[in-house]
Amino acid sequence: MDTSDNKRKKYLDLDAIEKHIGQLPMLPGVIDKLMQLNTDSETFFEAVFRLARTDPPLACLILSHANSATSAPSHPIYDLREALTRIGSETVVKLVTDVSVGKVFMPSTDAERSLWTHSVNVASQVELRCQQKDSKIPPELGYICGLLHDLGRFILLQFSPETINQAAAAGWEILDDLPKAEFELIGTTHAQIGYIAARKLNLPKIICSLIKHHHDAALAESPKAPERFKLLVSFTREALNSNPNTVMNT
C-alpha cells in the first residue's frame, strides 16, 4: 500500500504545469503539411483552417493568439476562420514557422494515437447536433468545443504521458470512470488540467468551462448554469457516449 508521502510524489503539481504550459505537442505530419503550404497562395488561410480543424494543438494555438492581449479582440473569438483573419497573414506565417521548430510528438501507443481521431470525431458530432437541433449554439462553437474538450490529455502527453496509457488500461467501462482513474493515478483529472491550460492560453470562457465540465453529469440539474451551456455540455457528452469504442480506446 502506498504511504501518504508516496501518494503525494505521484501527484502532478498543477502550479508547475501552469507555469510551463507552452506549445502543445505537434504531430510530424501536421508540421510537414504546414511547411508545404505556399504562404503567398490565395488558399493559404483556407488550408491552415482545414488543417487546424483536424488538429487540436494547432487549433488551440491559433485561438490563443487571436484572443490574446496583443490581439485585443472586442469579443471572444472561437471561430477558426475569424481567428485567422484576426491575427493576420504575418502572424500566421510566424506561427507556422514556430511550429516547424517546436516540440514534435510521435505517438507510440494506441491510446496516444487515438487522441487526435477521438477529438475530431467528437467535434464533428457536436457540430452536427448544433445544426440539427435548432439549439442556437453556433455550429463552429460546437465543433471547437468538441475538438478541444480533451485539451488536458494533450497537456498530459507533455508532463505525464504514462498517465494516458495507464488510465486507458485501467479497465474503466463508462465515460465518467476515466477521471476517477486519472485521480487515482495523479491526484487530478484531464478536465482540471485542461481548464487550467485553456485559461492560461486565453481561450474564450465558454470553451474553458466546457473543458472543465464535460465529465460533470450533474451539471444538467444545476439551476445556476446557463441553459445554452448545459445544452452544449449535453451535446458533448452525447457525442462521447455514442462512440464507446473510440472512448474506450482513449
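Residue numbers start at 1 and run along the sequence shown. The structure presented is a predicted model; accordingly, all values stated were derived computationally and were not measured.
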query = So, for G142 and I137, which heavy atoms are closest and what is the spacing to 0.1 Å?
reply = N-CG2, 4.4 Å

query = Are side-chain N/O atoms of E238 and T236 paired as donor and acceptor at under 3.5 Å?
reply = no

Heavy-atom closest contact (P56 atom, L148 atom, distance) = O-CD2, 3.5 Å

request  = Kindly say whether I206 contributes a backbone atom to a donor-acceptor pair with the side chain of S209 at under 3.5 angstrom?
outcome  = no

ask   = With H149, which of H213, H190, H118 fulfils ring pair (Phe, Tyr, Trp, His ring centres under 6.0 Å)?
value = H118

request  = Would you kindly confirm whether L231 and F229 end up in one hydrophobic cluster when ILVMFWY residues are joined by side chain heavy atoms under 4.5 Å apart?
outcome  = yes

message = For residues Y195 and L115: do they belong to one hydrophobic cluster (side chain heavy atoms under 4.5 Å, members Ile, Leu, Val, Met, Phe, Trp, Tyr)?
response = no

ask   = Would K180 and E184 pass as an ion pair if we require N to O under 4.0 Å?
value = no

note = In short, L147 meets A52 closest at the heavy-atom pair CD2-O, 3.6 Å

message = Under the ring pair (Phe, Tyr, Trp, His ring centres under 6.0 Å) definition, can you give me all pairs with a residue in residues 31-79, not counting sequence neighbours?
response = none

ask   = Looking only at atom types and distance, does a side-chain atom of T43 sit under 3.5 Å from a main-chain N or O of E46, one as donor and one as acceptor?
value = no

CD1 on I211 to CD1 on I196, rounded to 0.5 Å = 11.5 Å

Hydrophobic cluster membership, V233 vs L128, 4.5 Å side-chain cutoff = no

request  = Could you name each residue pair satisfying salt bridge (charged side-chain N to carboxylate O under 4.0 Å, His left out) that touches residues 209-228, not counting sequence neighbours?
outcome  = E227-K230

Heavy-atom donor-acceptor pair, D55 side chain to L51 backbone, under 3.5 Å = no

ask   = Closest approach of P139 and E127, non-hydrogen atoms and distance?
value = O-CG, 3.7 Å

query = Which value, rounded to the nearest 0.5 Å, describes the distance between L58 atom CG and K33 atom NZ?
reply = 11.5 Å

query = So, the side chain of R86 versus the backbone of A72: is there a donor-acceptor pair under 3.5 Å, distance only?
reply = yes

Donor-acceptor pair, side chain of T85 and main chain of R81, under 3.5 angstrom = yes

remark   = Tightest non-hydrogen contact, residues A66 and I77, listed as O-CD1, 3.9 Å

Atom CZ of R113 with >12 non-hydrogen neighbours under 6.0 angstrom = yes

task = Identify whether W116 and L151 are in the same connected component of the hydrophobic contact network (ILVMFWY, side-chain heavy atoms under 4.5 Å).
result = yes

key: Nearest atoms (heavy-atom pairs only) where N202 meets S64   = ND2-O, 3.4 Å

